[in-house]
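Following: one structure in structure tokens, then a few remarks.
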Protein chains: 2
Amino acid sequence: MDQVAEAAGVSRATVSRVINGAPSVDAKIREMVQRAIADTGYVPNVAARSLVTRRSNSVALVISEPDRPDNHSFLNRIFTDPYFGRITAGATSALRPHDIHLVVIPTDSTDHHQVVRYLRQGHVDGVLLISSHEQDTLPRQVHDLGIPAVVSARPTSPIAVSYVDVDQRLGARLAAEHLLNRGCRTLATISGPLDIPSGLDRLDGFRAFLSTRGFPSVPTIEGDFTRAGGEAMARRLLAQHPNIDGLFVANDLMAEGALRALQDLGRRVPDDIAVVGFDDSSAALDCRPLLTTVRQPVEEMAAEMAEVLMAHIATPGRLPRSVTFQPSLVIRNSA
Amino acid sequence: MDQVAEAAGVSRATVSRVINGAPSVDAKIREMVQRAIADTGYVPNVAARSLVTRRSNSVALVISEPDRPDNHSFLNRIFTDPYFGRITAGATSALRPHDIHLVVIPTDSTDHHQVVRYLRQGHVDGVLLISSHEQDTLPRQVHDLGIPAVVSARPTSPIAVSYVDVDQRLGARLAAEHLLNRGCRTLATISGPLDIPSGLDRLDGFRAFLSTRGFPSVPTIEGDFTRAGGEAMARRLLAQHPNIDGLFVANDLMAEGALRALQDLGRRVPDDIAVVGFDDSSAALDCRPLLTTVRQPVEEMAAEMAEVLMAHIATPGRLPRSVTFQPSLVIRNSA
DNA sequence: TTGTAGGCGTTATCAA
DNA sequence: TTGATAACGCCTACAA
């Protein structure tokens, strides 16, 4: 920077002003400085800058998953699930125009403390926290840290933190309504893990609506949000309840597996049994027949999380606020 | 830090030594300092540290994709393709023990300059560059930057840079051999994009081996590495060459689409036509029948990239070196 | 083994 | 509008 200042015949302070686009700089001087910058190939040092500005221009995307028995493939599952991919894509697209970068940090409870330490060290200006499971303590820990944060779903315990969510119960209701409208009368559902709020909410919403329509009880089986799980659960469900004619599966990945099981079992979809998924992820288009599903605008939601986070970063005292997106039904061929 | 020093009754220098685990510190004093750190809840400021150490303890994962006509879903495609997910998982697992974090940066040629600027600013200590297409100028730009870097495939133009790759031609040969051994005599292939070296190499390897076995020409159609593309190309291929009995598809995603097309066309796999994919990604297990495929150890390769990168970072002058992994054939049910 | 002191490259304050 | 100058928080010779 001294080089630039010397080359332009000004002080370092002026160089700094030009770089940061301060309005109070003479046009000619600005020009000279810019030329000097180009000539010297000067690049500001970000460490020095953030030392004084206390900004890093990056945010963390923390993906907090529950510990599962088969934990060895933890990273693999995360980075292969299209849901997280959509989150990453949405967040990236919102952050990029602001020149803010994304540090991706997958975690389970065994290394919460590492994550907390990382956040405390000021590596990032804020956190996008993807946390789905009920007993996850990370949202609270992050909140206590006082660092700007936005969570991907309504926290289970009441924490004063901003979050972005979709109306899960409404989504499940849309599915139920559609199945009834088609004429299905023997309904069942493969739920998500019930220690995950979205899993629970979708199940609740589905049941709650059906009970108002005269279906007080609905055969239910708990799945794990994976394709293989959906296939296995569909098999089990149909073994127990062979005459089901309408099935709500709590995410598309499981629905894809379920369709496969139904095909193997010789059930025609949607004629013998109609199937509705949840997400409208790319998996819905990989299904045969194409999957009718509840659309959750994940990319937009992630982008909104990023926007809210940037607002928090810009205005430290800002009160938390939550944004809820409306789901919609995407009718294709499976129901 | 002053607080800690005062609380422990030592100088800031000693506190610094304790934090950085310098050996020359009296055990008692170390103890006192650590207690003081715990009491005061002190956390080192990373910006100040990297200002003086010139280390950021993070590396960039730059995913450089070619510009495609349907570019609007660029981010989506990247983050939904299991290949990139596996890369991310592999790199993360290798980096985590060293407390190095990953900044994920997707890019196409329109924002190469942003990426270069980012790298020049010293945000990261090094770059893992995932670059697949032939005319990509980014590897050269990164090389010219002089920042430690490792590329995910052999560069097309000779650049003195470390890379990690799989023996693509050998993989294709394994597929060809297997198809011949099964008794297939009318072979064809759906290749990857031919402006991507891996696409070209797999095609070359396939053809080269077959020509030594008396199959001088093989019907070929160029695909795009997507599921939908695989399906469409398989349809077209079989319309032109209805009597194909052995098909090599240059990645699993396309193979999955191809299997679907074959099913729709009423061809039995593997009886009427045997299919071999490439990658051994999770998609191979989503296929019906389960996909016989050439295994590419992507996670291990990404981890190796990370290891090599860390070596470069630790030893600035280190000469570039390349690591080539051997592919292997995973025989399942489709061939 | 410990302390002192200088410097890393910016931005921000305050005069001029 | 511009220029000195003082932080920012840490590491690291060097001296004690």
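Side-chain nitrogen and oxygen atoms of S16(A) include at least one within less than 4.0 Å of the OP1 or OP2 phosphate oxygen of dT11(C).
What separates NE2 of H123(A) from P of dC10(D) is a distance of 13 Å, to the nearest Å. Put simply, CD on E6(B) is 16 Å from C1' on dG3(C), counting in whole angstrom units. Residue R17(A) contributes atom CZ, which lies 15 Å from atom P of dT10(C) at whole-angstrom precision. When the P atom of dA7(D) is taken as reference, atom CG of N45(B) falls 17 Å away, rounded to whole Å. The distance between atom CG of N57(B) and atom P of dC11(D), rounded to the nearest whole Å, is 12 Å. D2(B) has its CG atom 14 Å from the C1' atom of dA5(C), to the nearest Å. For the pair L51(A) CG and dT11(C) P, the interatomic distance rounds to 11 Å; values are reported in whole Å. Put simply, CD on Q3(B) is 13 Å from C1' on dG9(D), counting in whole angstrom units.
N20(A) comes within 4.0 angstrom of sugar-phosphate atoms only, judged by non-hydrogen atoms across all strands, and of no base. Within the 4.0 angstrom heavy-atom criterion, no nucleotide atom of any strand lies near V46(A). Using a 4.0 Å heavy-atom criterion, one finds that V43(A) contacts the sugar-phosphate atoms exclusively.
When distances are taken from the side chain of R12(B) to each of dG9(D), dT2(C), dC11(D), the shortest belongs to dC11(D). Of the candidates dT2(D), dT4(C), dT11(C), the closest approach to any side-chain atom of I29(A) belongs to dT2(D). Among the nucleotides dT2(D), dG9(D), dT4(C), the one closest to any side-chain atom of A13(B) is dT4(C). When distances are taken from the side chain of M1(A) to each of dC10(D), dG9(C), dT10(C), the shortest belongs to dT10(C). In the set dT10(C), dC11(D), dT1(D), the nucleotide with an atom closest to the side chain of R49(A) is dT10(C). For D26(A), the listed nucleotide lying nearest its side chain is dT2(D); candidates were dT2(C), dG9(D), dT2(D). Of the candidate nucleotides dT2(C), dT2(D), dC8(C), dC8(C) has the atom lying nearest to any side-chain atom of V52(B). Considering only side-chain atoms of S11(B), the nucleotide from dG7(C), dG3(C), dC8(D) that sits closest is dG3(C). Taking every side-chain heavy atom of A48(A) into account, dG9(C) is the closest of dG3(D), dG9(C), dT11(C). The listed nucleotides are dG9(C), dA6(D), dT2(C); the one nearest the side chain of T14(B) is dT2(C).
Side-chain contact of N57(A) with H98(A): a donor-acceptor pair under 3.5 Å is absent, judged by distance alone. A side-chain donor from one of S64(A) and D136(A) sits under 3.5 Å from a side-chain acceptor of the other.
Separation of atoms CZ (F79(B)) and CG (D81(A)) is listed at 14.5 Å; rounding is to 0.5 Å.
Checking side-chain atoms of S162(A) against main-chain N and O of R321(A) turns up a donor-acceptor pair under 3.5 Å.
You'll find the side chain of Y42(B) reaches within 4.5 Å of the side chain of M1(B), heavy atoms only. Taking 4.5 Å as the limit, some side-chain heavy atom of Y118(A) sits within range of a side-chain heavy atom of I105(A).
Checked by distance alone, R54(A) brings no side-chain donor or acceptor within 3.5 Å of a matching partner on the base of dG9(D).
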